[in-house]
Visitor: 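Please read through the structure below; I'll follow up with questions.
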Amino acid sequence: MVVNNDLIADLQARGLIAQMSSEDELAKHLSEGSRTLYCGFDPTADSLHIGSLVPLLTLKRFQLAGHKPLALVGGATGLIGDPSFKAQERQLNTPEVVAGWVDKIRAQVSQFVDFDCGQNSAEVVNNLDWIGKINVLDFLRDVGKHFAVNAMIQKESVKQRIEREGEGISFTEFTYMILQSYDFAELNKRNDCTLQIGGSDQWGNITGGIDLSRRLNRSQVFGLTLPLVTKADGTKFGKTEAGTIWLDPAKTSPYAFYQFWLNTADADVYKFLKFFTFLSPAEIDEIEAADKAAQGRPQAQAILAREVTRLIHGQGGLTAAERITEALFSGDDEQLSAEDYAQLQLDGLPSSVLDPSTLGETPLTQVLADAGMAASGKQVKDALGRNAVFINGQPVGLDDMMNSPAVFAADRARFGRYFLVKLGKKKYHLFATAV
RNA sequence: GGAGGGGUUCCCGAGUGGCCAAAGGGAUCAGACUGUAAAUCUGACGCGAAAGCUUCGGUGGUUCGAAUCCACCCCCCUCCA
């Protein structure tokens, strides 16, 4: 197996390295042969979100460089809850729920790495397979004995839980670090895994595993963490008005996903290209230079959206997302054919069925709020008052609020049944009457 | 088990009997400006088209009137045992 020695340099150029244990030795270790590394993903929901994308893609980067990735799904740790940098104790989920999530996460994780590429084919492992079997006394004697509580409470990741007035940490969550450390030692023993990667919030857990592997297996293993993705304006990455951006297309449509990336701020977009795409740092620098030289709108966001959407949702998902975007934002939705409308629905443009005969006294605010265009009728009302609502290109205002039947009258529909409603600059919803 | 502190609208955080649907900040939404950026400015920000209705851990109570007072209960934190 040929390994690519430029991996660390590439990761550095992308800004993807937050911390590394024994830097020089790790670089040497990786350059001397194909290594096995792992990254854990706890089932905390029925889908991963884009917060997991950086580690996921980094596993892929290691695989492309000739190393063997293990994606660990935390069937056991997901039952406990990682306290790292969490302000509050978390609610435990039932074993049945977590088991269901494990299946989903396993399937998602599997999309990103190659399972059939010879020696460095990826594997998915579940820590419930070993943690689930260990008994308490063995655990306390063989594993727990290696951890000094004095050191554990010094970890930055649990400091605010320990020091902050009004918060605390249960023994259950406090133990999480030990479980994750044990994972690393176990994978080191059974798979010869010598590197763990993870978000920078995982540093404390990873170093715990490094120490434990040395004590238990007398082997040197390494850790590498990835930076927390931050935005220049200080707001949280990965959230929009509609909530978390999920990887599951059933939870976040490819169109919404594409739009999320397209809306990336200039100040973040080149960094994100390096984080989330496989374009080389040199190519990305060229894009940046070209954007700087040109006036007006940069091309970077479109490239980012295209690359990431294709990566997650495939060419089909990307095509659908671009089709909707083109139809809605090109400014000439009057050009759409009846087939185009049908296609937009299939592509995942938010849409719903409308029965004009039931509208009656229903205020327009309620119709749009019920369709999910706004969190409440109040917000729709605000938009109506500011002339921010358009139906098939025609402005509607407060006067129309109590006039839903007329607004959605058949003679105002496109092709007799479609109403494309725009609220604000970016929110679209397609209402269609039944055929 | 004992002593003390605390639970306020998405988050942080004011508010100790009426002027409180509840200060301020953040987040979010809409408008202007733009490039479906950023920054800035404006408006909204419990629900409701409105009349009005429902909130300040829970349940009762005092009062003309409670987020604010009382009782009990639940949860969290600190210290002691």
Side-chain angles (χ1 to χ4, degrees), chain A residues 86-92 158 160-170 173 230-245 255-273 287-288 290-292 294-306 309 321-322 324-333 349 359-370 372-390 395-407 421-429:
Chain A
K86 299 281 190 322
Q88 290 180 319
E89 183 85 11
R90 294 206 270 163
Q91 191 75 42
L92 290 176
V158 294
Q160 66 164 319
R161 288 283 288 280
I162 290 173
E163 290 179 355
R164 187 181 173 191
E165 181 83 12
E167 290 299 338
I169 182 168
S170 67
E173 284 198 7
T230 56
K231 293 205 291 177
D233 66 6
T235 58
K236 201 166 158 53
F237 169 77
K239 298 269 186 188
T240 66
E241 156 230 1
T244 305
I245 305 295
Y255 162 68
F257 188 86
Y258 178 89
Q259 284 286 322
F260 170 80
W261 296 102
L262 196 63
N263 279 293
T264 303
D266 292 4
D268 296 316
V269 72
Y270 304 102
K271 178 170 84 172
F272 286 4
L273 278 167
I287 294 168
E288 184 169 6
D291 280 343
K292 271 218 180 80
Q295 286 296 311
R297 189 179 187 173
Q299 55 173 334
Q301 279 87 348
I303 296 171
L304 177 68
R306 194 158 58 231
T309 305
E322 288 184 320
I324 297 175
T325 297
E326 170 66 18
L328 299 184
F329 292 95
S330 65
D332 59 348
D333 54 82
L349 175 69
L359 287 176
E361 295 284 289
T362 312
L364 199 49
T365 49
Q366 192 186 327
V367 177
L368 302 196
D370 286 351
M373 295 194 75
S376 69
K378 269 251 167 74
Q379 294 187 7
V380 178
K381 192 184 166 196
D382 179 48
L384 284 170
R386 287 157 173 278
N387 301 312
V389 180
F390 293 82
V396 285
L398 286 176
D399 296 344
D400 302 301
M401 186 154 66
M402 291 312 295
N403 211 10
S404 301
V407 169
V421 180
K422 179 171 102 157
L423 190 161
K425 272 180 279 202
K426 305 178 191 176
K427 271 184 286 198
Y428 286 90
H429 191 96

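Since this is a predicted model, take the numbers as computed values, not measurements. Order of the sequence lines fixes the chain letters, A, B, ..., with proteins taken first and strands second; residue numbering starts at 1 for each chain.
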Visitor: Show me the protein contacts with nucleotides 42-46 of chain B, counting only N or O atoms at under 3.5 Å.
Guide:
from: G43(B); atom 1: O4'; to: Arg386(A); atom 2: NH2; distance (Å): 3.3
from: G43(B); atom 1: O2'; to: Arg386(A); atom 2: NH2; distance (Å): 3.4
from: G43(B); atom 1: N2; to: Asp382(A); atom 2: OD2; distance (Å): 3.1

Visitor: Distance check, P atoms only: A50(B) and G6(B), in whole angstrom units.
Guide: 39 Å
Visitor: Can you tell me how far apart CD1 (Ile303(A)) and CG (Leu273(A)) are? Round to the nearest 0.5 Å.
Guide: 6.5 Å
Visitor: Wobble G-U and Watson-Crick pairs count when both distances are under 3.5 Å; given that, what is the 5' to 3' dot-bracket string of RNA chain B, with | for pairing to other strands?
Guide: (((((((..(((.....[.....))).(((((.......))))).((....))...(((((..]....)))))))))))).
Visitor: Heavy atoms under 4.0 Å, any strand shown: does Met401(A) hit a base, just sugar-phosphate, or nothing?
Guide: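 Touches sugar-phosphate only.
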Visitor: If you compare every side-chain N and O of Thr235(A) against the phosphate oxygens of A27(B) (OP1, OP2), does one of them come in below 4.0 Å?
Guide: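 No, outside the criterion.
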Visitor: Between C45(B) and G57(B), how far apart are the two C1' atoms, rounded to whole Å?
Guide: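 About 24 Å, rounded to a whole number of Å.
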Visitor: Using 30° and 60° as the class limits, which term best fits the ring planes of Tyr428(A) and Phe329(A): parallel, tilted or perpendicular?
Guide: perpendicular
Visitor: Could you tell me how far G48(B) sits from U40(B) if I compare only their C1' atoms? Round to whole Å.
Guide: 34 Å
Visitor: Check whether any side-chain N or O of Lys381(A) sits under 4.0 Å from OP1 or OP2 of A50(B), and answer yes or no.
Guide: yes
Visitor: I'd like to know whether Thr230(A) forms a side-chain contact (heavy atoms from CB on, under 4.5 Å) with Phe237(A), so could you lay out the CA-CA distance, the side-chain angles of the two residues, the decisive distance to 0.1 Å, and finally the verdict.
Guide: CA-CA 6 Å; Thr230(A) 56; Phe237(A) 169 77; over 6 Å; no
Visitor: Give every pair of a protein N or O atom and an N or O atom of nucleotides 34-39 of chain B that lie under 3.5 Å apart, one pair per line with the distance.
Guide:
from: U34(B); atom 1: O4; to: Lys425(A); atom 2: NZ; distance (Å): 2.7
from: G35(B); atom 1: O6; to: Asp266(A); atom 2: OD2; distance (Å): 3.1
from: G35(B); atom 1: N1; to: Asp266(A); atom 2: OD1; distance (Å): 3.3
from: G35(B); atom 1: N1; to: Asp266(A); atom 2: OD2; distance (Å): 2.6
from: G35(B); atom 1: N2; to: Asp266(A); atom 2: OD1; distance (Å): 2.8
from: U36(B); atom 1: OP1; to: Arg297(A); atom 2: NH1; distance (Å): 3.2
from: U36(B); atom 1: O2'; to: Asn263(A); atom 2: OD1; distance (Å): 2.6
from: U36(B); atom 1: O2'; to: Lys426(A); atom 2: NZ; distance (Å): 3.4
from: U36(B); atom 1: O2; to: Gln259(A); atom 2: OE1; distance (Å): 2.9
from: U36(B); atom 1: N3; to: Gln259(A); atom 2: OE1; distance (Å): 2.9
from: U36(B); atom 1: N3; to: Gln259(A); atom 2: NE2; distance (Å): 3.3
from: U36(B); atom 1: O4; to: Gln259(A); atom 2: NE2; distance (Å): 3.3
from: A37(B); atom 1: OP1; to: Lys426(A); atom 2: NZ; distance (Å): 2.7
from: A37(B); atom 1: N3; to: Asp266(A); atom 2: OD2; distance (Å): 3.3

Visitor: For the CG atom of Leu384(A) and the CG atom of Asp399(A), what is their distance to the nearest 0.5 Å?
Guide: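 Answer for the CG-CG pair, Leu384(A) versus Asp399(A), is 10.0 Å.
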Visitor: Could you give the distance separating G46(B) and G60(B) at their P atoms, to the nearest angstrom?
Guide: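 Per the computed distance, 27 Å lies between those P atoms.
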Visitor: For atom P, what is the distance between C73(B) and A22(B), given to the nearest Å?
Guide: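 It works out to 34 Å between them.
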